[in-house]
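Take a look at the structure below.
Throughout, a chain's letter reflects where its sequence line sits, starting with A, and its residues are numbered from 1.
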Number of protein chains: 2
Amino acid sequence: MAVSIRDVAERAGVSVGTVSNVLNRPDRVSDAVVGRVHDAIRELGYVRNDAARQLRAGRSSSVGLVVLDARNPFFTDIARGAEDEAAEHGVAVLLGDSDEKPEREAAYLDLFEEQRVRGVLVSPLGDIRERLERLRALGTPVVLVDRMAEDDVLSSVSVDDHAGGRTAVTHLLEQGRRRVAFVAGPLAIRQVADRLAGARDAVAAVPDATLEVLEGTALSVLEGRRMGEALAARPASERPDAVFAANDLLAVGLLQALVMRGEVRVPEDVAIVGYDDIDFAAATVVPLSSIRQPSRLIGQTALRILLEEADDPGLAPRQVVFQPELVVRESSAIG
Amino acid sequence: MAVSIRDVAERAGVSVGTVSNVLNRPDRVSDAVVGRVHDAIRELGYVRNDAARQLRAGRSSSVGLVVLDARNPFFTDIARGAEDEAAEHGVAVLLGDSDEKPEREAAYLDLFEEQRVRGVLVSPLGDIRERLERLRALGTPVVLVDRMAEDDVLSSVSVDDHAGGRTAVTHLLEQGRRRVAFVAGPLAIRQVADRLAGARDAVAAVPDATLEVLEGTALSVLEGRRMGEALAARPASERPDAVFAANDLLAVGLLQALVMRGEVRVPEDVAIVGYDDIDFAAATVVPLSSIRQPSRLIGQTALRILLEEADDPGLAPRQVVFQPELVVRESSAIG
DNA sequence: CCCTGATGGTGAATCGTTTCAACGACGAGA
DNA sequence: TCTCGTCGTTGAAACGATTCACCATCAGGG
């Protein structure tokens with residue numbers, strides 16, 4: 001277990017400094033020695049100790065990423081994008097799933113701080129602006145993901161949720177729907193609140209349209225099913241004729257509860273639009289209309305900005321905002 | 001940035017040893033001193049340096065987990081289970097996604113070795129048995145996930161894929177189907193091969209039943225769509241009347257290609273059974289029959305075994321095998 | 001009044017790597 | 001022959017937390 005650089009040096013008949021050079025700047029070492037050292041490494045099964053390396057370097061070569069929900073394909077795709085970009089720079093991504101719980105979010109940030117990560121990507125949940133700004137002030141770059149920074153201290157890569165919400169509901173209204181419900185999930189989540197604001201805008205533009213807000217406790221399939229059952233249990237006259245779901249997981253749950261029961265037809269009785277356009281959206285009972293976000297690109301871009309800021313701490317914070325895109329499928333087609 | 005335990009000691013007017021004691025064994029320190037040290041920590045914004053801690057300790061307090069595909073909800077659920085269990089023991093889980101690529105798998109194992117993780121959970125892809133056994137021999141426990149160990153050197157937590165394959169195809173045959181196709185993904189993946197073996201068993205038990213094997217390159221929605229398009233393009237007489245898909249992602253892709261085109265009806269023309277019973281399976285165009293695996297429990301169990309072996313290296317390897325369960329939905333109902 | 005044990009605290013050694021000043025050897029140029 | 005620069009190599013310091021042998025103080029028992 002305990003084979004260190006010292007053992008390698010001894011075996012190869014050189015000093016530890018030389019072994020380190022072989023590992024990090026082989027060009028400064030003669031070929032003969034490089035060969036001997038590599039032989040010794042192989043024979044002894046030496047594996048570099050990253051802790052010592054980091055201790056000396058003062059910081060790790062990893063970046064941290066905290067997402068709201070690792071089970072949501074939207075965030076998995078962001079993570080994938082970030083990992084791709086990271087791999088190109090020889091950086092590892094530590095993935096933390098806050099599971100929409102502020103205390104888990106805080107725990108991951110603690111962990112990342114103790115690890116002295118090169119930077120932090122975070123899709124923030126609780127009110128941690130102050131903490132993140134302090135982190136950055138102390139030299140650890142922070143990039144907000146899927147959420148616009150509120151002031152110009154931090155960089156962010158996000159999607160225009162307000163526009164997304166407006167687009168979704170405008171589309172529903174154009175289909176002739178008037179009694180729209182927003183199946184929200186937790187309104188405390190900024191993205192949800194922004195989508196709601198966009199939805200309100202769209203509804204305000206059409207005189208006889210109404211918007212009902214149904215707040216839930218999570219952005220999951222299970223919660224969607226729960227809310228769908230509540231809707232299905234209503235008398236038909238009190239049901240909305242259109243539902244805008246805060247994300248596709250909720251929408252999938254809604255579909256399960258509404259369509260499977262057979263009482264409510266989609267889109268005839270209720271049209272549905274989801275958000276994120278996850279892979280599964282095209283394969284649901286009734287293929288789901290959705291608002292597409294460039295998830296992978298978000299991850300890539302965020303990581304690139306993070307590394308740039310890590311290399312040059314003086315860089316001014318940047319806000320990148322992508323535009324979402326409506327994808328129409330059967331769940332909201334004319335009916 | 002560089003506030004160390006020494007700075008805290010100085011500020012609190014005690015020695016570094018005492019600060020360390022406050023952090024790790026507060027009961028050995030007087031209350032007054034504990035208070036002063038905590039004040040100093042707060043005032044200076046001290047954050048423990050994990051690298052130094054690990055260096056001294058000789059190993060980290062993290063475990064590594066390498067999964068085949070982080071986008072597959074089955075593996076996300078395993079990860080979730082492992083994290084839950086880890087959180088209870090104050091251990092962090094480093095998640096690596098091999099993306100079905102042997103070189104990425106190897107890279108993550110390298111990384112975990114350098115980090116001196118407490119142990120490794122791995123859903124192995126390539127032929128890395130030897131490497132894993134060496135790792136374990138050197139003191140790092142290894143638990144195979146979703147795959148039974150081939151000899152008794154490593155522990156494993158898996159599901160009986162052979163039984164799962166047999167169950168799935170037996171069910172299709174009981175529905176009166178005879179021309180079964182196995183949409184496989186890469187046969188080099190052990191789980192896929194085992195499911196195929198089970199399927200062969202089931203087919204062999206029925207005289208006039210046949211099994212066609214369609215090998216693919218990945219276990220993804222996209223690949224499923226590709227293979228579904230190939231099936232749909234065949235003349236009806238040459239199409240199978242039942243498909244067993246190696247996992248639900250493939251099955252979802254198949255559904256997209258078959259049903260969306262409108263030419264092939266499910267289950268009337270082709271019955272489909274998937275594998276994993278992911279959340280989305282119940283919400284697909286035609287709700288998908290599937291083989292359910294206790295994914296979360298797999299993750300939990302694997303992590304528990306890992307930590308037990310880490311605490312007591314002498315422990316004999318254990319093989320835990322769960323039984324899968326058929327969930328019948330419309331995609332394979334009588335038709 | 002001395003001894004014992006418990007309690008609370010100290011400070012140096014240690015973990016494994018990287019870095020850097022310094023050094024020897026050697027060839028080229030004067 | 002002497003000097004200088006280059007190249008390859010060395011060895012010790014440094015990173016920051018933990019641990020452990022050791023010390024100081026004090027209360028209580030004899």
Could you state the [atom1]-[atom2] distance from [X] to [N], rounded to the nearest angstrom?
| X | N | atom1 | atom2 | result |
| --- | --- | --- | --- | --- |
| B:N21 | C:dT7 | CG | C1' | 12 Å |
| A:R25 | C:dT17 | CZ | C1' | 12 Å |
| B:R36 | C:dG9 | CZ | C1' | 11 Å |
| B:L55 | C:dA13 | CG | P | 17 Å |
| B:D31 | C:dG8 | CG | P | 9 Å |
| A:I5 | D:dG11 | CD1 | P | 14 Å |
| A:E10 | D:dT10 | CD | C1' | 15 Å |
| B:Q54 | C:dT14 | CD | C1' | 16 Å |

[X], nearest nucleotide to its side chain (from [options]):
| X | options | result |
| --- | --- | --- |
| A:N49 | D:dA17, C:dG16, D:dT19 | C:dG16 |
| A:R6 | D:dT19, C:dT17, D:dG16 | C:dT17 |
| B:Y46 | D:dT9, D:dA17, C:dG16 | D:dA17 |
| B:V16 | D:dA17, C:dT17, D:dT18 | D:dT18 |

[X] vs [N]: side-chain N/O to OP1/OP2 distance below 4.0 Å:
| X | N | result |
| --- | --- | --- |
| A:T18 | D:dT10 | yes |
| B:R28 | C:dG8 | no |
| B:S15 | C:dT10 | yes |
| A:S30 | D:dT9 | yes |
| A:R48 | C:dT18 | yes |
| B:N24 | D:dT18 | yes |

Is the backbone of A:S295 close enough, under 3.5 Å, to the side chain of A:D77 for a donor and an acceptor to pair up by distance?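 No, because the side chain of A:D77 does not come within donor-acceptor range (under 3.5 Å) of the backbone of A:S295.
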If you compare all heavy atoms of B:S123 against all heavy atoms of B:F75, which two are closest, and at what distance to 0.1 Å?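 Result for this residue pair: OG-CE2, 3.6 Å.
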- Do A:R56 and C:dT17 share a donor-acceptor pair, side chain to base, under 3.5 Å?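 No pair found.
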Stepwise side chain to side chain contact (heavy atoms under 4.5 Å, CB included) test for A:Y46 and A:D7
CA-CA 9 Å; A:Y46 167 72; A:D7 304 312; over 6 Å; no
Problem - Step-by-step side chain to side chain donor-acceptor pair (under 3.5 Å) determination, B:Q191 to B:D146 - result: CA-CA 8 Å; B:Q191 290 88 322; B:D146 193 37; 3.0 Å; yes
Q) Hey, does A:V19 reach any base, or is it just sugar-phosphate, or nothing, if we go heavy atoms under 4.0 Å? A)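 A:V19: no heavy atom of the nucleic acid under 4.0 Å.
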Within the 4.0 Å heavy-atom criterion, would you say A:R59 contacts the bases, only the backbone, or no part of the nucleic acid?
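Touches nothing.
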- Task: Let me see the working for A:E113 and A:R131 under salt bridge (charged side-chain N to carboxylate O under 4.0 Å, His left out), right down to the final yes or no.
- Result: CA-CA 11 Å; A:E113 276 197 71; A:R131 170 166 192 182; 2.8 Å; yes
**Asked** Does the distance from a Lys or Arg side-chain N to an Asp or Glu carboxylate O, for A:E308 and A:R318, drop under 4.0 Å?
**Response**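 Answer for the salt bridge query: yes.
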### Query
Nearest nucleotide by nearest heavy atom, which residue falls closer to the 5' end of DNA chain C, B:G13 or A:V47?
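Checking each residue's closest nucleotide, the 5'-ward one belongs to B:G13.
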